[in-house]
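The structure appears right after this line, and notes come after that.
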Amino acid sequence: MLQQIIFIAVLAVVGYIVWKKARQIYQSISMGKPENRTDQPEQRLKNMLLLAFGQKKMFRNLTPAFLHLCVYVAFVITQIELIEIITDGVFGVHRFFRPFLGGFYTFIISFIEVLSVLALVATLAFLSRRNLLRLPRFTMKELAGWPMKDANLILIGEIVLITGIFSMNTADMQLHQGEYGFLVSGMLMPLLSGFSETSLHVIERFGWWLHILTVFGFLLYLPYSKHLHIVLAFPNAYFADLSNTKGKMTNMPRITQEINLMLNPSAATDAPPPAENERFGAKDIQDLSWKSLLDAYACTECGRCTAACPANITGKMLSPRKIMMATRDRMEDIAKAKEQNGPDFDDGKTLLHDYITPEELRACTTCNACVEECPVSISPLNIILELRRCLILEESNSPDEWNKMFNGVESNGAVWQLPAEQRLTWIQELEQK
Amino acid sequence: MSQSFHVPLMADLAAQGEKPDVLFWVGCAGSFDQRAQRITKAFAKILHHTGVKFAVLGLEETCTGDPARRAGNEFLYQMQALTNIATLNAYEITKIVTACPHCFNTLKNEYPELGGNYEVMHHTQLLQQLINEGRLKLKDGGAFKGKRITYHDSCYLGRANGIYEVPRQVLEALDAELVEMKRCKSRGLCCGAGGAQMFKEDEPGNKHVNMERTEDVLQSKAQVVAAACPFCNTMLTDGVKYNDKQDEVQVLDIAEIIAQAADLV
């Protein structure tokens, strides 16, 4: 009874905190500009099933894809056991599903146990890829400090979780002389032979609480971690850009409006007035599309984008992963500042300049390699291009060489400062031959 | 069998009340850059030789606005786009071919929102069509017989527009040995020119992007790098020269390769 009360109290507190944080993240994403991403629901659903549920793009790299699949499948299937654990905890019962499912129950738990072993192996492999093999994309400078700890913390949590499951199941099997017939814990039973019934009960309870408390801890931690992708990868794939023309930039109808006004001032009355404070391009969070903001929260900092980025490969400051991390950091900082100082508080900082520098932005070749690599349909390029627009259109902040190119285009219609008549040179040469 | 021929200007054709089957959009690189002019001429020869009824805008063509747009200058981009669309629409152009993937991407994907709707082809697509239809015949055992050729994917053709196979299929028409670089197709490495990088110095780093890509080229041991973009062409040519390999590795546009193989140069 006492355990039951404690459990329900913990569940309620965890639920409340998670709900509050989820609401803040939703509000942060809602700060973004509207963009319609709800057309073609069937295609979107398919995209979500293939990319998020089916992990399609992970398979561009086979080794991490397989390891990730082990953890992912174990995670998904273990939810069955988690439902049982919560039911047991709330109603003070033991293995609630077993009487209903019989032999099938033995199968499911054994299956979960096998998957847990695979997940354990994968977790150890992940830990060594980060800490022993030190793969380049896990040791880049933007991961120094907290992001690297974040990744390791989750992996260690994974091991704790699996330890919990096996302590619980093995002790339970020993208590019932193996009558449950679980596959892996059955093999682990000799480890607990000779333990008294009381000790076995303690171990079983320890495993049970360890597992569920780790899950609760995980839930509380998730919104602050790169691991939020386990939730947001799904909506992110659903709302992804469905076109197969990644080269198309988003249009700016307000610029068209301005040009039309310039060319035809009498049309002024037809144009709707621009929204207050609307900027050309993006300087801060509220100037970006809400999808770019969802992208930032869905990013798991895997670094496939950065590893493929030509600018990063050649030592430039730009890292597409850092662009996503900076965007999320900015949103979190705004939320924190507003919570402390009221909703109208302005910390005087902006995403552009304070979090992302012009040097980073100017190194981008717009090659789309980062967009292509992302397993969960994130586009760092959208953010880069919107910030570049702000630099030029709002701040007239442009390298001299670009100004020359702009001048050439403006005055001669050519990217070089050459007389327009030279457009005919090749024709004259061909015709004279 | 090189001979001179007349390159029809759109204005002249329109004055005669005629319409071309396709407008050849030459682009700034193809018009002004001496190296790229050779690509333009090679492609024009192919068009002329195969009897494609084409025309160019000549002095009426101006920059599509792509580099200005990618640099962030949306205002200049739209000024260019609206001017060009007015010209194209006045001539009732329906079909455009271009040898520049950047012009291709902008004309095809970005002009429709501003009122310019055309069927836009990259020159490799038209080359493939001409070869498939038997209108363009390559000489047996031509200049590229048995040569080791690698194709460098242009970002604006590949990832930006999903065109990976067409240029390769054009090269398959040659009796050559086609090899891939370690980074190819959707994983192809940029040449370093896109996003208006062509028009400024690199940001501080430890290497130029074209040098990184040239290493892939040299590693492939190809004798010819086939490019499908005038900017990639410049970047790779510079990279090969920097490595002092210009005698071993030729950087050519697919149009130049096909024109040579068809004995049109």
Side-chain angles (χ1 to χ4, degrees), chain A residues 60 244-249 251-252 255-256 258-259 280-281 308 310-311 313-318 359 362-369 371-372 385 388-393 398-399 401-402 404-406 408-410 413-416 418 420-427 429-433, chain B residues 2-7 26 28 30-32 37 40-41 44 56 58-59 61-63 65 67-76 78-80 82 105 109-110 113-114 155-156 159-162 186-187 189-190 192-197 199-209 211-212:
Chain A
R60 280 170 76 83
N244 46 14
T245 47
K246 290 198 192 77
K248 182 182 170 300
M249 277 178 72
N251 199 30
M252 293 178 70
I255 297 270
T256 322
E258 299 256 331
I259 294 175
F280 288 131
I313 289 170
T314 54
K316 300 346 179 244
M317 211 198 211
L318 174 64
E359 181 180 330
R362 289 206 187 111
C364 177
T365 68
T366 69
C367 77
N368 263 303
V371 183
E372 184 75 42
L385 289 172
R388 272 191 179 185
R389 278 174 165 169
C390 180
L391 276 178
I392 303 279
L393 299 171
S398 166
E401 299 141 295
W402 272 1
K404 278 187 195 139
M405 182 260 287
F406 296 155
V409 174
E410 237 175 279
V415 286
W416 293 287
L418 293 167
E421 302 78 66
Q422 284 189 21
R423 275 194 190 272
L424 302 178
T425 306
W426 68 272
I427 300 178
E429 283 174 14
L430 257 187
E431 291 182 349
Q432 271 162 18
K433 223 178 192 174
Chain B
S2 185
Q3 61 196 55
S4 73
F5 62 90
H6 177 62
V7 178
V26 184
C28 292
S31 303
F32 295 101
Q37 283 171 355
T40 307
K41 287 185 215 168
V56 297
L59 295 178
E61 186 184 300
T62 71
C63 174
R69 187 172 220 201
R70 263 97 204 139
N73 197 338
E74 180 75 8
F75 194 85
L76 182 53
Q78 291 204 11
M79 288 294 283
Q80 291 304 114
L82 293 169
N105 179 67
N109 301 322
E110 300 185 336
E113 272 173 327
L114 297 173
C155 302
Y156 274 81
R159 282 185 291 268
N161 284 289
S186 70
R187 286 197 158 112
L189 184 74
C190 176
Q197 296 295 335
F199 307 102
K200 69 170 185 58
E201 280 303 311
D202 277 16
E203 298 306 310
N206 51 34
K207 204 186 218 177
H208 291 295
V209 178
M211 295 303 162
E212 175 82 12

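Chain letters run A, B, ... following the sequence lines, proteins first, then strands; residues in each count from 1.
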Heavy-atom closest pair, residues Ser31(B) and Arg423(A) |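 So the minimum-distance heavy-atom pair works out to OG-NH1, 3.4 Å.
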
Nearest heavy-atom pair of Glu421(A) and Leu59(B): which atoms, and what distance?
->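 The answer is CA-CD2, 3.6 Å.
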
Heavy-atom contact with chain B under 4.5 Å, split by part of [X]:
X	value
Asn244(A)	backbone
Thr245(A)	both
Pro399(A)	side chain
Met249(A)	both

Highest number of heavy-atom pairs under 4.5 Å with chain A: which of Val209(B), Leu114(B), Leu82(B)?
->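 Sorted descending by pairs with chain A, the first entry is Val209(B).
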
Taking the side chain from Glu431(A) and the backbone from Val7(B), do they hold a donor-acceptor pair closer than 3.5 Å?
->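 Pair found, side chain donor or acceptor close to backbone of Val7(B).
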
Judged by atom type as modelled, is there a donor-acceptor pair below 3.5 Å linking the side chain of Gln78(B) to the main-chain atoms of Thr256(A)?
->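 Yes, the answer is positive, given that a donor and an acceptor are paired below the 3.5 Å cut-off.
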
Sequence-distant partners of Arg70(B), side chain to side chain donor-acceptor pair (under 3.5 Å), two or more places apart =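 Only Asp66(B), Glu110(B), Tyr156(B) meet the side chain to side chain donor-acceptor pair (under 3.5 Å) criterion with Arg70(B).
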
Reported CG-to-CD distance for the pair Leu76(B) and Glu410(A), which is rounded to 0.5 angstrom =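 Going from CG on Leu76(B) over to CD on Glu410(A), the span is 5.5 Å.
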
Distance, nearest 0.5 Å, that separates CE of Met405(A) from SG of Cys28(B) |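 Output value for this atom pair is 10.0 Å.
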
Salt-bridged, Glu203(B) to Arg362(A), with N to O below 4.0 Å?
->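 Salt bridge: no.
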
